[in-house]
J.: 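Have a look at the structure that comes next, please.
Numbering of residues begins at 1 and proceeds along the displayed sequence.
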Amino acid sequence: MSRAIVLLSGGLDSAVTLAHSVHEGNENIALSFSYGQRHTRELDSARAVAGHYGVKHITINIDLSEFRSSLIGRSGEVEKDRENIGRNIPDTYVPARNMIMLSIAVGLCESMDAEAIYIGANAVDYSGYPDCRREFFDSLTDTIRKGTKAGAEGRPIRIGTPILDMSKAEIIKLGKRLNAPLHLTWSCYGGGERACGHCDSCMLRLKGFKDAGYEDEVTYE
């Protein structure tokens, strides 16, 4: 059995990624980050999803409050009802977020003798973030191989991106096949009792459920 660190935000994509790693038979450790998000609703979902699978769940606090993003702190409003999602980089982009989180995950891998990191990045139905593209993960994999003890000893840490090239509908269908607890996930950039239905993440999620032929169990405003 391989040991894997799975980045778990609490959103749909990360939950399906964890379900995939569980299905592969890995011993999983879920890793979440509290980095100054506007709300903790997604972290609550991460705890619920990790609890559903009974996996060890680690939350690391990092202060990104000085970073420019509408997802951090209370300044600025998240864009709503954007047209042509994915054509440009929106203000919800957190500079170098995946690079930072994956770097920490690499350190955790070496500390816990894990062989792989799984991340629910997607480059098909996505907001256009540059750190969700295959070339980024290929480049980072090479850097990890060159810059870690594991890599130097011929045991390079692998980055798994099982849903990278899937549409949102395909991700949802995979989640359904794997019995992933999609009802426990939270994708909205807002932190209310109900999802807003108008941010990029909500719009992509709603379209995905519609295209997949399922009804989203998360409630919307």
Side-chain angles (χ1 to χ4, degrees), residues 1-35 37 39-62 97-98 100-122 124-126 132 137 150 157-189 191 193 195 201-202 204-205 208-209 212 214-219:
M1 177 184 292
S2 297
R3 179 173 291 174
I5 306 296
V6 182
L7 271 64
L8 184 66
S9 67
L12 172 70
D13 294 347
S14 68
V16 174
T17 299
L18 175 58
H20 170 82
S21 188
V22 169
H23 181 72
E24 285 194 327
N26 295 319
E27 177 190 350
N28 295 288
I29 299 165
L31 174 62
S32 301
F33 292 90
S34 176
Y35 58 88
Q37 300 99 311
H39 62 82
T40 61
R41 184 69 171 77
E42 202 173 30
L43 286 173
D44 294 338
S45 289
R47 283 188 286 271
V49 172
H52 173 86
Y53 286 108
V55 300
K56 180 179 179 66
H57 183 216
I58 298 171
T59 300
I60 291 181
N61 297 308
I62 51 176
R97 178 175 59 181
N98 280 350
I100 292 166
M101 292 181 178
L102 285 165
S103 295
I104 293 172
V106 169
L108 194 60
C109 262
E110 290 211 291
S111 299
M112 305 188 99
D113 297 318
E115 293 85 15
I117 301 166
Y118 282 79
I119 180 171
N122 179 257
V124 179
D125 288 331
Y126 77 137
C132 288
F137 294 108
I157 294 167
R158 179 170 59 89
I159 300 178
T161 55
I163 64 168
L164 186 66
D165 299 314
M166 293 184 181
S167 69
K168 193 66 73 176
E170 290 171 331
I171 294 168
I172 290 165
K173 288 178 180 178
L174 175 61
K176 290 291 186 179
R177 287 198 301 272
L178 297 177
N179 293 316
L182 304 185
H183 63 288
L184 297 179
T185 64
W186 183 263
S187 301
C188 182
Y189 291 147
E193 289 297 318
S201 192
C202 278
L204 290 169
R205 177 176 177 135
F209 270 95
Y214 293 100
E215 184 175 346
D216 192 353
E217 295 180 57
V218 170
T219 56

J.: Is there side-chain contact between I104 and F33, with at least one heavy-atom pair below 4.5 Å?
T.: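 Yes; the side chains approach each other to less than 4.5 Å.
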J.: Check side-chain contact (heavy atoms from CB on, under 4.5 Å) between S21 and all other residues, then give those that pass, not counting sequence neighbours.
T.: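 Only A4, V6, N26, N28, Y118 meet the side-chain contact (heavy atoms from CB on, under 4.5 Å) criterion with S21.
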J.: What closest approach, in Å, do N98 and C132 show between heavy atoms, and which atom pair accounts for it?
T.: ND2-SG, 3.8 Å
J.: Write out all pairs satisfying side-chain hydrogen bond (donor to acceptor under 3.5 Å, both in side chains) with one or both partners inside residues 47-58, taking only residues at least two apart or from two chains.
T.: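 Residue pairs passing side-chain hydrogen bond (donor to acceptor under 3.5 Å, both in side chains), neighbours aside: S32-H57, D44-R47.
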J.: Excluding sequence neighbours, so at least two apart, what forms salt bridge (charged side-chain N to carboxylate O under 4.0 Å, His left out) with R158?
T.: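 Residues passing salt bridge (charged side-chain N to carboxylate O under 4.0 Å, His left out) with R158: none at all.
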J.: Kindly compute the distance separating OG1 (T17) from CG (N122), expressed to the nearest 0.5 Å.
T.: 9.0 Å
J.: Could you tell me whether the side chain of T40 and the main chain of L43 form a donor-acceptor pair under 3.5 Å?
T.: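 Pair absent, no side-chain N/O of T40 close to backbone of L43.
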J.: What pairs of residues pass the salt bridge (Lys or Arg N to Asp or Glu O under 4.0 Å) test when at least one of them lies in residues 2-13, not counting sequence neighbours?
T.: R3-E27, D13-K168
J.: Could you pull out all residues at least two apart from A105 that satisfy side-chain contact (heavy atoms from CB on, under 4.5 Å)?
T.: I5, L7, L31, I117
J.: Between S201 (side chain only) and S187 (backbone N and O only), is there a donor and an acceptor less than 3.5 Å apart?
T.: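 A pair under 3.5 Å: yes.
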J.: Enter the distance from I171:CD1 to I163:CD1 here, rounded to the nearest 0.5 Å.
T.: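 The CD1 atom of I163 is 4.0 Å from CD1 of I171, to the nearest 0.5 Å.
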J.: Would a 4.5 Å heavy-atom cut-off, applied to side chains only, mark M112 and I58 as touching?
T.: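 Heavy-atom side-chain distance check passes, below 4.5 Å.
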J.: Hey, what do you get for CD (E42) to OG (S34), rounding to the nearest 0.5 Å?
T.: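 Between atom CD of E42 and atom OG of S34 there are 11.5 Å.
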J.: Using a 3.5 Å cut-off and no angle test, enumerate the donor-acceptor pairs between side-chain atoms of residues 173-180 and protein atoms at least two apart in sequence or in another chain.
T.:
none

J.: Quick one: closest heavy-atom pair of C202 and C188, and the distance?
T.: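 Distance-wise, the nearest heavy atoms are SG-CB, 3.4 Å.
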J.: Below 4.5 Å, heavy atoms only, C-beta onward: do V16 and L182 meet side chain to side chain?
T.: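 V16 vs L182: side chains touch.
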J.: Under the salt bridge (charged side-chain N to carboxylate O under 4.0 Å, His left out) rule, collect the residues that match up with E24, sequence neighbours excluded.
T.: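 Counting only residues at least two positions away or on another chain, E24 forms no salt bridge (charged side-chain N to carboxylate O under 4.0 Å, His left out).
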J.: Identify the two heavy atoms, one from A195 and one from V218, that lie closest to each other, and give their separation to 0.1 Å.
T.: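 That closest heavy-atom pairing would be CB-CG1, 4.2 Å.
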J.: Indicate the atoms forming the closest heavy-atom contact of T185 with L12, along with that distance.
T.: CB-N, 3.8 Å
J.: Restricting to non-hydrogen atoms, name the atom on A30 and the atom on V55 that form the minimum distance, rounded to 0.1 Å.
T.: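 Heavy atoms only, the tightest pair is CB-CG2, 4.1 Å.
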J.: My understanding is that only residues two or more places apart in sequence, or in another chain, count here; which of them pass side-chain hydrogen bond (donor to acceptor under 3.5 Å, both in side chains) with D216?
T.: R205, Y220
J.: Do M101 and I119 come close enough that some side-chain heavy atom pair is under 4.5 Å?
T.: no
J.: For R41, which residues count as a salt bridge (charged side-chain N to carboxylate O under 4.0 Å, His left out) partner, sequence neighbours excluded?
T.: none
J.: How close do A212 and I172 get, counting heavy atoms only, and between which atoms?
T.: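 Distance-wise, the nearest heavy atoms are CB-CG2, 4.1 Å.
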J.: Applying salt bridge (Lys or Arg N to Asp or Glu O under 4.0 Å) as the test, list every pair that has at least one member in residues 100-114; sequence neighbours left out.
T.: none
J.: Do S14 and S9 meet the criterion of a side-chain donor-acceptor pair at a distance under 3.5 Å?
T.: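 S14 vs S9: donor-acceptor pair found between side chains.
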